[in-house]
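Hydrogens, waters and symmetry mates play no part in the numbers below; they use all other heavy atoms, side chains included.
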Amino acid sequence: MKTNAVQRERGLLYKVGLPVIGPVVFIALWWLLIIVFHIRAFFLPAPPNIVSAFLDNVSMLMSATWVTLEETLAGFLIATVAGLLVALALTTSEVTRRAAMPVLVVINAVPKVAVAPLLVIWMGFDKTPKIVMATLICFFPIILSSMAGLTAVPADLSELARSLSAGHWKTFAKVRFPGALPQVFVGLKIAAPLAVIGTVVAEIANSTEGLGYVMVSEAPQGETSVEFAAVALLTILTLALYYALVGLERALLPWARETKS
């Protein structure tokens with residue numbers, strides 16, 4: 001019993017303690033650097049300054065966070081659905097894959113920062129350009145990871161499905177898609193932070209709301225602490241999306257974890 005309790009404590013420390021230790025050490029070193037080198041808050045605010053700025057502007061910052069979250073989730077969900085459908089089409093037809101892949105690579109190669117002002121001209125000043133930017137920037141990783149998963153089904157499973165007289169769509173639903181899900185989640189976990197980046201890029205380009213707008217509007221006023229508070233909220237938002245996907249993956253694919261272990 002005592003051995004099991006020790007093992008549980010070690011497991012809790014490994015799963016919860018270590019991820020917390022890293023950020024705490026980073027913040028401590030940051031604070032120490034400011035104290036040792038007497039860095040002014042205008043250039044690099046200390047953690048207490050950022051916390052104070054957040055508390056003084058909590059309503060405005062939380063409202064902006066909600067706007068950015070809505071835009072990010074909308075773009076990410078659109079990219080997920082579209083990416084899965086495109087990956088399915090590309091892995092189903094060799095002709096389609098050879099014709100479409102160069103176009104997708106070219107679209108992905110276009111600098112998204114250069115596209116952001118054009119999206120505003122084409123679509124206006126509402127949330128649409130931000131959602132489209134988030135979709136564009138995280139679309140390609142989802143396609144590639146989904147294609148990798150759909151084309152990496154073990155041959156013995158495909159043979160087993162054929163021996164059981166399973167049709168094309170039944171084989172897809174029972175074998176190909178479940179087998180592809182671990183790779184799909186790899187792409188989703190890569191795409192989630194990119195969706196946040198895409199949204200913020202669009203907000204910085206031209207917006208009247210969101211955390212990107214807060215960062216741009218506060219810079220001329222020298223409110224560095226408020227800018228850092230916005231960056232901290234973006235970091236928390238990105239981590240929340242990433243670990244939500246990790247939790248969803250663990251809930252939907254327990255067999256994948258057992259295989260890895």
From [X] [atom1] over to [Y] [atom2], what is the distance, rounded to the nearest 0.5 angstrom?
X      : Y      : atom1 : atom2 : value
Thr224 : Met215 : OG1   : CE    : 11.5 Å
Leu188 : Leu245 : CG    : CG    : 6.0 Å
Thr151 : Gln183 : OG1   : CD    : 8.5 Å
Leu90  : Met101 : CG    : CE    : 6.5 Å
Ile50  : Glu227 : CD1   : CD    : 11.0 Å
Tyr213 : Lys130 : OH    : NZ    : 11.5 Å

* Asked: Is the side chain of Ser217 donor-acceptor paired with the backbone N or O of Val214 at a distance under 3.5 Å, no angle test?
  -> yes
* Backbone of Leu88 reached by a side-chain donor or acceptor of Thr91 within 3.5 Å -> yes
Determine the minimum heavy-atom distance between [X] and [Y], stating which atoms define it.
X      : Y      : answer
Pro117 : Ala205 : N-CB, 4.5 Å
Ile190 : Pro141 : CG2-CB, 4.2 Å
Ala116 : Ala202 : CB-CA, 4.4 Å
Pro102 : Ala99  : CD-O, 3.7 Å
Ser146 : Ala87  : CB-CB, 3.5 Å

Atom pairs and distances, donor-acceptor, side-chain atoms in residues 233-241, under 3.5 Å, two or more places apart:
{"residue": "Thr235", "atom": "OG1", "partner": "Val231", "partner atom": "O", "Å": "2.9"}
{"residue": "Thr238", "atom": "OG1", "partner": "Leu234", "partner atom": "O", "Å": "2.8"}

* To do: Only counting residues at least two apart or in another chain, list the ones meeting side-chain contact (heavy atoms from CB on, under 4.5 Å) with Leu252.
  =>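 Checked Leu252 against side-chain contact (heavy atoms from CB on, under 4.5 Å); matches are Phe185, Leu248.
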same_hphob_cluster([X], [Y]) at 4.5 Å side-chain heavy-atom cutoff:
X      : Y      : result
Leu118 : Met123 : yes
Ile142 : Leu253 : yes
Phe140 : Leu136 : no
Leu84  : Leu104 : no
Leu194 : Val201 : yes

Donor-acceptor pairs are to be reported for all side-chain atoms of residues 23-44 against protein atoms at under 3.5 Å, with residues two or more places apart or in another chain.
{"residue": "Trp30", "atom": "NE1", "partner": "Pro45", "partner atom": "O", "Å": "3.4"}

Show me, pair by pair, the donor-acceptor contacts under 3.5 angstrom made by side chains of residues 51-77, not counting sequence neighbours?
{"residue": "Asn57", "atom": "ND2", "partner": "Ala53", "partner atom": "O", "Å": "2.8"}
{"residue": "Thr65", "atom": "OG1", "partner": "Leu61", "partner atom": "O", "Å": "2.7"}
{"residue": "Trp66", "atom": "NE1", "partner": "Glu70", "partner atom": "OE2", "Å": "2.9"}
{"residue": "Thr68", "atom": "OG1", "partner": "Ala64", "partner atom": "O", "Å": "3.2"}
{"residue": "Thr68", "atom": "OG1", "partner": "Glu203", "partner atom": "OE1", "Å": "3.3"}
{"residue": "Thr68", "atom": "OG1", "partner": "Glu203", "partner atom": "OE2", "Å": "3.0"}
{"residue": "Thr68", "atom": "OG1", "partner": "Leu211", "partner atom": "N", "Å": "2.9"}
{"residue": "Glu70", "atom": "OE1", "partner": "Lys127", "partner atom": "NZ", "Å": "2.6"}
{"residue": "Thr72", "atom": "OG1", "partner": "Thr68", "partner atom": "O", "Å": "2.7"}
{"residue": "Thr72", "atom": "OG1", "partner": "Thr199", "partner atom": "OG1", "Å": "3.1"}

* With sequence neighbours excluded, give me every salt bridge (charged side-chain N to carboxylate O under 4.0 Å, His left out) pair touching residues 131-149. =>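 Passing the test, one end in residues 131-149: no pairs.
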* Asked: Can you pull the salt bridge (charged side-chain N to carboxylate O under 4.0 Å, His left out) pairs that have at least one residue in residues 73-84, sequence neighbours excluded?
  -> none
* Any side-chain heavy atom of Phe139 sitting closer than 4.5 Å to one from Ile78? -> no
